[in-house]
Amino acid sequence: MALDRTKIVEAAMEILRVDGLSAVNMRSVAARLDVGASALYRHFSSKEAILGAMVTCLFEAAQRDLSPELAWRDWLFQFGHRLRTQLLEYPDSALMCVSAPPQSNDVGEVSRQIARPLTSRGISSNQAVVDIASVIALTTGWTAYQQSTAKAEFLEQLFGFDQAFDKSLRSLIAGIGSA
């Protein structure tokens, strides 16, 4: 089996799905792929680099197949719901999203990548980054609460995650552009 970045990320994602974030490390990923940990270093410099690639994988999956015909607010809404669905498949993934380092230190390139779905719909680059980051923050925040073993059951009884997330996302998007 030829080892590549995609296979490494897929193995790490499966470990995250089954055992949670604390189980994702170079040794566990290497063991899952039946290689030595040193083989991973040819593709990733560290566990943190793998985590960054995993976050990118989640964000890309949330955007995949979103219709190019969607208006920008509809795109944000669909993206938020899809991201939450992705995050809920993997324990601790919301925590991973807020703690993993970016894939690149090139702020300009990262900004362009983040903004592209909305700039293609006529939103300025700076506003697009803020809008998408706001949806990501809301989504990861709600999901972190839902994934929390300490609070999830209590909060579900208090307000119900699905309805509360949907209402919060709608409110956030409705307010974008009006501030």
Side-chain angles (χ1 to χ4, degrees), residues 8-29 32 44 46-66 72-105 107 110-111 113-118 127-177 179:
I8 294 168
V9 171
E10 288 171 353
M13 295 297 288
E14 189 57 27
I15 293 167
L16 178 65
R17 180 192 315 274
V18 173
D19 298 316
L21 184 59
S22 64
V24 178
N25 59 58
M26 297 301 259
R27 283 190 309 270
S28 66
V29 174
R32 183 154 194 85
F44 290 97
S46 64
K47 168 189 164 181
E48 288 72 26
I50 293 175
L51 295 176
M54 293 167 69
V55 170
T56 297
C57 179
L58 290 168
F59 289 168
E60 287 174 352
Q63 292 182 44
R64 193 172 297 123
D65 301 326
L66 281 174
W72 67 270
R73 279 189 168 94
D74 296 329
W75 187 93
L76 283 170
F77 184 77
Q78 292 295 322
F79 171 68
H81 272 282
R82 286 174 173 222
L83 180 58
R84 180 171 176 256
T85 298
Q86 285 294 311
L87 294 174
L88 288 173
E89 288 185 35
Y90 301 93
D92 309 323
S93 59
L95 175 61
M96 180 182 72
C97 286
V98 299
S99 61
Q103 289 265 295
S104 168
N105 290 325
V107 174
V110 170
S111 176
Q113 288 175 359
I114 292 170
R116 190 169 292 125
L118 294 189
Q127 189 61 50
V129 169
V130 170
D131 295 348
I132 292 172
S134 296
V135 168
I136 291 170
L138 178 101
T139 304
T140 56
W142 274 106
T143 307
Y145 278 129
Q146 193 166 0
Q147 290 176 333
S148 166
T149 55
K151 296 180 182 177
E153 186 176 319
F154 176 79
L155 294 175
E156 177 64 34
Q157 292 175 23
L158 186 63
F159 46 65
F161 282 107
D162 292 339
Q163 300 82 3
F165 172 76
D166 189 77
K167 183 175 181 175
S168 295
L169 183 59
R170 286 180 190 280
S171 295
L172 172 70
I173 294 169
I176 291 175

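Sequence positions, counted from 1, serve as the residue numbers for this chain.
Side-chain atoms of Ile136 and Thr139, non-hydrogen and from C-beta on, never get closer than 4.5 Å to each other. Counting heavy atoms from C-beta outward, Val24 and Asp92 have side chains that stay 4.5 Å or more apart. The closest side-chain heavy-atom distance from Phe44 to Val29 is not below 4.5 Å. Residues Ile50 and Met26 form a side-chain contact, since some pair of their non-hydrogen atoms from C-beta on lies under 4.5 Å apart. The shortest side-chain heavy-atom distance between Asp162 and Arg84 falls under the 4.5 Å cut-off. Using a 4.5 Å cut-off on side-chain heavy atoms (C-beta onward), Ser168 and Leu138 make contact. Gln163 is not listed as a side-chain neighbour of Phe159, based on a closest heavy-atom distance of 4.5 Å or more. The closest side-chain heavy-atom distance from Leu58 to Met13 is below 4.5 Å.
A pairwise comparison of heavy atoms in Arg82 and Ala62 identifies CD-O, 3.1 Å as the closest pair. The minimum heavy-atom distance linking Gly80 with Val135 is given by the pair CA-CG1, 3.7 Å. Pairing each heavy atom of Ala53 with each of Val9, the nearest pair is CB-CG2, 3.6 Å. Minimum interatomic distance between Val129 and Ser111 (heavy atoms only, all atoms of both residues): CG2-OG, 3.3 Å. Of all the heavy atoms in Ser28 and Ala23, the pair that sits closest is OG-O, 2.7 Å.
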Phe59 and Ile114: CA distance, side-chain angles, deciding distance, side-chain contact (heavy atoms from CB on, under 4.5 Å) verdict = CA-CA 10 Å; Phe59 289 168; Ile114 292 170; over 6 Å; no
Check the pair Ile176 / Trp72 against side-chain contact (heavy atoms from CB on, under 4.5 Å), numbers first and verdict last.
-> CA-CA 11 Å; Ile176 291 175; Trp72 67 270; 3.5 Å; yes
Step by step, would you call Leu118 with Leu76 a side-chain contact (heavy atoms from CB on, under 4.5 Å)?
-> CA-CA 9 Å; Leu118 294 189; Leu76 283 170; 4.0 Å; yes
Between Asp166 and Leu169, is a side-chain contact (heavy atoms from CB on, under 4.5 Å) present by the stated rule, with each step listed?
-> CA-CA 5 Å; Asp166 189 77; Leu169 183 59; 5.8 Å; no
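Note: Leu16 CG to Ser22 OG = 9.5 Å, rounded to the nearest 0.5 Å. To the nearest 0.5 Å, atom CD of residue Gln86 and atom OG1 of residue Thr143 are 11.0 Å apart. Distance check: Glu153 CD to Leu158 CG gives 12.5 Å after rounding to the nearest 0.5 Å. Between Cys57 atom SG and Arg64 atom CZ the span is 7.0 Å, to the nearest 0.5 Å. The CD atom of Glu48 lies 12.5 Å from the CE atom of Met96; values are rounded to the nearest 0.5 Å. Separation of atoms CH2 (Trp142) and CG (Leu87) is listed at 14.5 Å; rounding is to 0.5 Å.
A donor-acceptor pair under 3.5 Å links the side-chain atoms of Gln147 to the main chain of Tyr90, judged by distance alone. Gln78 places no side-chain N or O within donor-acceptor distance of the main-chain N or O of Leu66, the cut-off being under 3.5 Å. A donor-acceptor pair under 3.5 Å links the side-chain atoms of Arg73 to the main chain of Ile173, judged by distance alone. Distance alone, capped at 3.5 Å, is enough to place a donor-acceptor pair between the Thr56 side chain and the Gly52 backbone.
Judged by distance alone, the side chains of Asp131 and Gln127 do bring a donor and an acceptor atom under 3.5 Å apart.
A parallel orientation is assigned to the rings of Trp75 and Phe79, their planes being inclined by less than 30° (bins at 30° and 60°).
Within a 6.0 Å sphere centred on OH of Tyr145, other residues, nucleotides and ligands contribute 12 heavy atoms or fewer. Atom CZ of Arg27 sits in a sparse spot, with 12 or fewer heavy atoms from other residues, nucleotides or ligands closer than 6.0 Å.
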